[in-house]
Protein chains: 2
Amino acid sequence: MDKELSERRKKILTALIDSYISEAEPISSSAIQEKYLPDVSSATIRSELATLEEMGFLTQPHVSAGRIPSSKAYRYYVDNILEISDDDTEQIKSILETKYDSIKEIVKDGAKVVSDITNYTSMLMISSTDNIVINDVKLVDMYDGTALVLVVTNNGTIKDKDIKLPENNVKNYIEVANGLLYRSFAGKKLVEIVHSHNIIDAQLHDFKEVFEQVLNLIIDYKKNREEQVVIEGKDKIFNYPEYNDINNVKNFISIVDNKDKLHEIVDEKDGSIEFSVKIGKDADEKLEDMAVVSAKYKMNGEEIGQLGVIGPQRMNYKKVLAVLKEIGKMFEDLENNK
Amino acid sequence: MDKELSERRKKILTALIDSYISEAEPISSSAIQEKYLPDVSSATIRSELATLEEMGFLTQPHVSAGRIPSSKAYRYYVDNILEISDDDTEQIKSILETKYDSIKEIVKDGAKVVSDITNYTSMLMISSTDNIVINDVKLVDMYDGTALVLVVTNNGTIKDKDIKLPENNVKNYIEVANGLLYRSFAGKKLVEIVHSHNIIDAQLHDFKEVFEQVLNLIIDYKKNREEQVVIEGKDKIFNYPEYNDINNVKNFISIVDNKDKLHEIVDEKDGSIEFSVKIGKDADEKLEDMAVVSAKYKMNGEEIGQLGVIGPQRMNYKKVLAVLKEIGKMFEDLENNK
DNA sequence: AATTAGCACTCACGACAAATGAGTGCTAAA
DNA sequence: TTTAGCACTCATTTGTCGTGAGTGCTAATT
């Protein structure tokens, strides 16, 4: 279908996008001729441009202006033209290496690293916690007849507020409760627990309260983790001239400051897609004139989160994708060396 | 000094500020006459305005425009004119009550509540953790030769990653370590601990590693807490026409997204000041055309944090201060009822 | 001495017109 | 199929002018 573009048209389209990515100005036929295709005349390029426009790849702000790429053009560019060469990779790698001492730092503030290198606003989202497995639940005796709840998962330990214990025979109570808690929760996935409120009823009446508190703790934890979104470098957006328009800024802020919207845009139904590139409102109603590039990262086969950038449509896709890929490789290395 | 304004001048200044707060337009002498002072002529008001301008309370965008209040005017207004009546308080109270079921909700997302009621961007900052006292430090036996560190403070429990234990005789090791940890840390303030790295040297060599890990945990905790800033309702800023100017928006974002700057602006050397109102760049170089109103909250005599709003200079100081005060009262009630 | 009416003056703002020039589409020739 | 040439379009810039809001000043009034 759309893949049938002649080489020259591809070349013209690429020239147009490259130029627009760096200049943010409509490009004229003669500009393309001078800088990218000196062997043909501007008139030829003009007729090619007319065809490309008919095909929906280009638009013209007005009749006496040059052309700018449409969302479809970026889409085509990312899908069919863009290639990340070893050179690009090498370059990114060396930037990553000189800027950050260890991969640990990158994991910790991944969003900041990505934002700094790409020069776009970046976002880090923690993945669904459905598959976290609880290894054990323990009460630890504290003071004043309270106990601390520890929920040990395959992904770290959750702890939260103390819970109150019944007055008498605390030591014994905790022991029995720990046994019950272990039998009820250990080995279960978070998602199972959250959806099976009836666990409580099956238990002994004396421990009902403790169970409820533990359950709430787990539910809260799940909810909080899933809402977690880190945004870095919001002010980088002002580097791009399209964000001299207050309406674009409003739009940007309203997306970036709204966790739910961000999730909606980034979350991919298809679990197997590693890199996601959403361009313009064809991809999502809210993304007018914007683009989101994101990657899913895994650790030991388990999805741990998504990292990406959000910026103007005329984004440096090559660089962004190279950075995200390179970080992916670093994760792999980290996994293998351990 | 500046306190010597005649009643009529006060009245005019108040009229000007009130009008500008709601309209965001320069006010002319005749407008003041019509709406606020029908008993004198506009010419009289004009000459008063000229004097007020000379005194630095007013500025004129250009010669054929009305006047707008300067930072100094707002300052004077807040310090010498503004009074919060019982009526205002009642009104805020009823809004708070109808909007939020319990004080708990307000504590939990204080920033959101304040932003919703005032209609300004709000911020919540956790206070210095210097005075948090450690009650105990405990290792809890986990699996695979690891232990979880629990640091119990008068302000909740900190837990963090597991730490590795020496291979043999785990149970005994933990017991001894717990004793040592208790003796080293219990009763000390966070600030003391962070500044006394030499604790380690005094301890037995076998436990050096555990001590270091615990110490790092405490230091990290302190650092993280202090950096914590919650911002709510950033997009509310677009409700105010001064933020149709992209430069003001840039300025706003750069302040609001920069924890350090915010701390710098809000942090008050004088520990006794409860309400702080900073207006314009007289107060802080970065606050060009903006104002920050914030309050310090205490619980059991201990400062727990600051809550406030940031917005245009022509802020509804009355409402904002009333809301912050009312929330303060709720804290007091909460304390007394417990 | 304070207030006021009256009037000349300033200046932002919007409307309109004219000039400019960048870039196009089309046509006819190579 | 490509290209040179040219007429055409239209955003942008610049300049002029009229309008009106609001002021500052002065002279008269209380």
Side-chain angles (χ1 to χ4, degrees), chain A residues 4-13 15-20 23-70 73 241-242 244-245 247, chain B residues 4-13 15-20 23-70 73 241-242 244-245 247:
Chain A
E4 310 318 324
L5 276 191
S6 74
E7 274 312 307
R8 192 167 68 188
R9 282 180 191 161
K10 271 192 193 177
K11 217 166 170 180
I12 291 176
L13 196 60
L16 226 133
I17 290 177
D18 284 347
S19 166
Y20 193 64
E23 312 291 336
E25 295 283 329
I27 307 99
S28 71
S29 54
S30 53
I32 295 180
Q33 194 235 339
E34 272 173 36
K35 291 186 221 149
Y36 299 89
L37 283 179
D39 296 337
V40 290
S41 80
S42 63
T44 311
I45 294 173
R46 268 204 295 288
S47 77
E48 293 283 47
L49 289 176
T51 334
L52 284 168
E53 184 169 352
E54 238 167 54
M55 296 169 85
F57 288 113
L58 306 177
T59 57
Q60 243 180 327
H62 56 88
V63 66
S64 72
R67 260 103 171 173
I68 60 178
S70 68
E242 34 274 78
N244 284 337
D245 180 339
N247 290 312
Chain B
E4 310 316 325
L5 277 191
S6 74
E7 274 313 306
R8 192 167 69 188
R9 282 182 189 158
K10 272 193 194 177
K11 218 166 168 179
I12 290 176
L13 196 59
L16 226 131
I17 290 177
D18 284 347
S19 165
Y20 193 63
E23 312 291 335
E25 295 283 328
I27 306 98
S28 71
S29 54
S30 52
I32 295 180
Q33 194 235 338
E34 273 173 37
K35 291 186 221 152
Y36 299 89
L37 283 180
D39 296 337
V40 292
S41 78
S42 65
T44 311
I45 294 173
R46 266 205 296 287
S47 77
E48 293 283 48
L49 288 177
T51 331
L52 284 168
E53 185 170 352
E54 239 167 53
M55 294 169 87
F57 287 113
L58 306 177
T59 57
Q60 245 179 325
H62 57 88
V63 68
S64 74
R67 260 102 170 175
I68 62 178
S70 68
E242 33 273 79
N244 284 337
D245 179 340
N247 290 312

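Naming: A, B, ... by sequence-line order, numbering from 1 per chain. As the structure is a computational prediction, the values presented were derived from the model and not from experiment.
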Can any side-chain N or O of [X] pair as donor or acceptor with the backbone N or O of [Y] at less than 3.5 Å?
X     : Y     : result
B:S42 : B:Q33 : no
A:S70 : A:G56 : yes
B:S47 : B:T44 : yes

Quick check: closest heavy atoms across A:S19 and A:I27, and the distance to 0.1 Å?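 Minimum heavy-atom contact is OG-CG1, 3.3 Å.
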Intermediate values then yes/no, side-chain contact (heavy atoms from CB on, under 4.5 Å), A:R8 and A:V40: CA-CA 10 Å; A:R8 192 167 68 188; A:V40 290; 4.0 Å; yes
Nucleotide of D:dT23, C:dC11, C:dG25 approaching B:R46 most closely (side-chain heavy atoms):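 My answer, after comparing the listed nucleotides, is D:dT23.
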Nucleotide nearest B:S28 when distance is taken to its side chain, options D:dG22, D:dC10, C:dT4: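 So the side chain of B:S28 is nearest to D:dG22.
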Euclidean distance, atom [atom1] of residue [X] to atom [atom2] of [N] [Å, nearest integer]:
X     : N      : atom1 : atom2 : result
A:E34 : C:dG23 : CD    : P     : 10 Å
B:L37 : C:dT4  : CG    : P     : 11 Å
B:I32 : D:dG22 : CD1   : C1'   : 12 Å
A:L58 : C:dG23 : CG    : P     : 15 Å
A:Q33 : D:dA4  : CD    : C1'   : 12 Å
B:L49 : D:dT23 : CG    : P     : 7 Å

Between the opening five pairs and the closing five pairs of the helix from C:dA1-D:dT30 to C:dA30-D:dT1, how far apart are the helix axes, to 10°?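 It works out to 20° between the end axes.
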Regarding A:S42, tell me which of base, sugar-phosphate or nothing describes its non-hydrogen contacts under 4.0 Å with the strands shown.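 The answer is nothing, as A:S42 stays clear of every strand by at least 4.0 Å.
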Could you tell me whether B:S29 contacts a base, only the sugar-phosphate backbone, or nothing, with contacts defined as non-hydrogen atoms closer than 4.0 Å?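 Sugar-phosphate: the residue B:S29, judged by heavy atoms under 4.0 Å, touches backbone atoms but no base.
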Upstream residue (5' side of DNA chain C) when A:S30 and B:S41 are each assigned their closest nucleotide: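 It is B:S41 whose nearest nucleotide is closer to the 5' end.
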With nearest nucleotides of DNA chain C determined for A:R67 and B:S64 from heavy-atom distances, which residue corresponds to the more 5′ nucleotide?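 Of the two residues, B:S64 wins.
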It should be established whether B:R8 places a side-chain nitrogen or oxygen under 4.0 Å from OP1 or OP2 of nucleotide C:dA2.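 Indeed not, no polar side-chain atom of B:R8 lies that close.
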Taking the side chain as C-beta and beyond, is there a heavy-atom pair between A:L52 and A:R67 under 4.5 Å?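 They are not in contact (no side-chain heavy atoms under 4.5 Å apart), so the answer is no.
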Side chains of B:F57 and B:L16 in contact at under 4.5 Å (non-hydrogen atoms):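 A side-chain contact under 4.5 Å is absent here.
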